[in-house]
Amino acid sequence: MTANNSATPPSSIAVSGPADTRANGRTASTQSTRGGTFLAALGVVAFSLTFPSTVWGLESFGPWSLVAVRSALAALIAGGFLLALRVPVPERRHWGGLAVVAGGVVVGFPLLTTLALETSTTSHAAVVVGLLPLTTAAFASVRTGRRPSRAFWLAALAGAAVVIAFAVWQSGGALSAGDLYLFGALLVCAAGYTEGGRLAGVMPGWQVVGWALIGCLPLAVAGAAVALSFEPARLTAHGVIGLAWVAAGSTFFGLYVWYRGMASIGIARASQLQLAQPVLTLVWSVLLLGEHLTPAAPVAAVAVLVCIAVTQRTGT
């Protein structure tokens, strides 16, 4: 019969079993991990330009006015996206977390590092802030209750040791006056990263950044008005470019891809990618600011990248 002739032979029928389901799940998980790693790494690249851009911005603005204007501009960009896409206001239960993000990465870290860069070189600040991955992993373990593996912690500690050794080598064994600002920046930023990474699991990362910026907008506008009256702007090409990057690149775009990456691969693992940030910042400091690196830089770069590779291969 026609029905029999057109029927598919039993041997050719594709049957989806548990093995196929597990294989598809592993493929999807691998793709998600790779995508999350790429986004987090893109955020690290954006962040690595923050210190050189801040130094440029300080050519035109004082530290307080630069941070206030930076936050206000970033909030306007974020507000435009939120308004255009008609994003609803977050639920009240998320407001506390957004306040931590705002205080840590929108206000605290930019202000403290900008003040530090008035007395510290870009390279020195970069290597001190290189301790951020370990600080973030510690905050994340406390906040989320997760315990990274022993191999993960050993690799993270090794990376931190490399960063500290490089910092001491760069500074000749002496700490700059801005180190207290930098250590404070580490703490507030780690708290903001951890809370932002958690929130990025329940809402898009760009919305976490956007609402944190919007929450700071009234303070940023008021702060800019007051700061500019005491620190008049002297616009230069470098100053304007630096301001534009720290507002649109570091504060909005960088945090967007960073939080989205953290939501995909986990806070602790994503934070270890930042071990590469000091090295990248040192490269930018040479290319953009004309700073000179010591022979130890390539050695530190290789050691840090090895630590990153280990942390990416160990479970969290």
Side-chain angles (χ1 to χ4, degrees), residues 42-81 102 104-129 176-179 181-182 184-185 188-189 209 212-214 216-258 277-278 280-293:
L42 194 59
V44 170
V45 174
F47 296 152
S48 71
L49 282 161
T50 300
F51 285 175
S53 298
T54 299
V55 172
W56 275 9
L58 287 172
E59 292 184 11
S60 295
F61 301 90
W64 294 88
S65 57
L66 177 62
V67 173
V69 174
R70 160 189 180 168
S71 298
L73 290 178
L76 292 176
I77 295 172
F81 278 97
V105 301
V106 176
V107 177
F109 185 80
L111 178 59
L112 291 171
T113 54
T114 300
L115 291 172
L117 286 171
E118 285 200 303
T119 57
S120 298
T121 64
T122 301
S123 58
H124 183 83
V127 291
V128 173
V129 174
S176 69
D179 282 326
Y181 288 131
L182 294 172
V188 298
C189 190
V209 179
L213 287 166
I214 290 298
C216 291
L217 182 58
L219 177 63
V221 172
V226 173
L228 286 172
S229 66
F230 289 96
E231 301 172 342
R234 299 176 296 277
L235 299 183
T236 65
H238 279 175
V240 173
I241 293 173
L243 172 63
W245 179 256
V246 293
S250 300
T251 306
F252 183 72
F253 173 75
L255 288 175
Y256 162 63
V257 294
W258 174 247
Q277 187 173 322
L280 290 173
T281 299
L282 291 173
V283 172
W284 297 128
S285 69
V286 171
L287 297 178
L288 301 177
L289 304 178
E291 293 187 6
H292 299 284
L293 298 182

Worked verdict on Thr50 versus Ser250 for side-chain hydrogen bond (donor to acceptor under 3.5 Å, both in side chains): CA-CA 6 Å; Thr50 300; Ser250 300; 2.7 Å; yes
Trace of the side-chain contact (heavy atoms from CB on, under 4.5 Å) decision for Leu289 with Trp56: CA-CA 8 Å; Leu289 304 178; Trp56 275 9; 3.4 Å; yes
Taking side chain as C-beta onward, heavy atoms only, is Val209 less than 4.5 Å from Val105? no
Residues Leu42 and Phe253: closest non-hydrogen pair is CD2-CZ, 3.6 Å
For the CG atom of Leu282 and the CZ atom of Phe51, what is their distance to the nearest 0.5 Å? 11.0 Å
Please evaluate residues Tyr181 and Leu117 with respect to the criterion side-chain contact (heavy atoms from CB on, under 4.5 Å), reporting the C-alpha separation (whole Å), side-chain torsions for both, the decisive distance (0.1 Å), and the verdict. CA-CA 9 Å; Tyr181 288 131; Leu117 286 171; over 6 Å; no
For Trp245 versus Ala46, what's the shortest heavy-atom pair and its separation? NE1-O, 3.5 Å
Donor-acceptor check, side chain of Ser60 to backbone of Thr236, threshold 3.5 angstrom: yes or no? yes
Keeping the roles fixed (side chain from Glu59, backbone from His238), state whether a donor-acceptor pair exists under 3.5 Å. no
Give the C-alpha distance, both sets of side-chain angles, the deciding distance and a yes or no for side-chain contact (heavy atoms from CB on, under 4.5 Å) between Phe81 and Ile77. CA-CA 7 Å; Phe81 278 97; Ile77 295 172; 3.9 Å; yes
Give me the atom names and distance for the closest heavy-atom approach of Ala75 to Ile214. O-CD1, 3.5 Å
Measure the OG1-CD distance between Thr121 and Glu291 for me, rounded to the nearest 0.5 Å. 5.5 Å
Is any side-chain heavy atom of Trp284 closer than 4.5 Å to one of Thr122? no
For Leu182 and Ala125 the tightest heavy-atom approach is CD1-CA, 3.7 Å
Test item: Thr113 side-chain N/O and Pro110 main-chain N/O as donor-acceptor pair under 3.5 Å: yes
Can Trp64 and Val226 be said to form a side-chain contact (heavy atoms from CB on, under 4.5 Å), step by step? CA-CA 9 Å; Trp64 294 88; Val226 173; over 6 Å; no
Determine yes or no for a side-chain-to-main-chain donor-acceptor pair under 3.5 angstrom, with Ser48 supplying the side chain and Gln277 the backbone. no
Please find the pair of heavy atoms, one from Ala224 and one from Ala68, that lie closest to each other, and give the distance. N-CB, 3.4 Å
Rounded to the nearest 0.5 Å, the OG atom of Ser53 sits from the CG atom of Leu288 at a distance of 7.5 Å
Do the non-hydrogen side-chain atoms of Leu228 and Phe61 ever get within less than 4.5 Å of each other? yes
CZ (Phe47) with more than 12 external heavy atoms under 6.0 Å: yes
Please round to the nearest 0.5 Å and tell me the distance separating atom OG1 of Thr54 and atom CZ of Arg70. 5.5 Å
Val67 and Leu111 have their tightest heavy-atom pair at CG2-CA, 3.7 Å
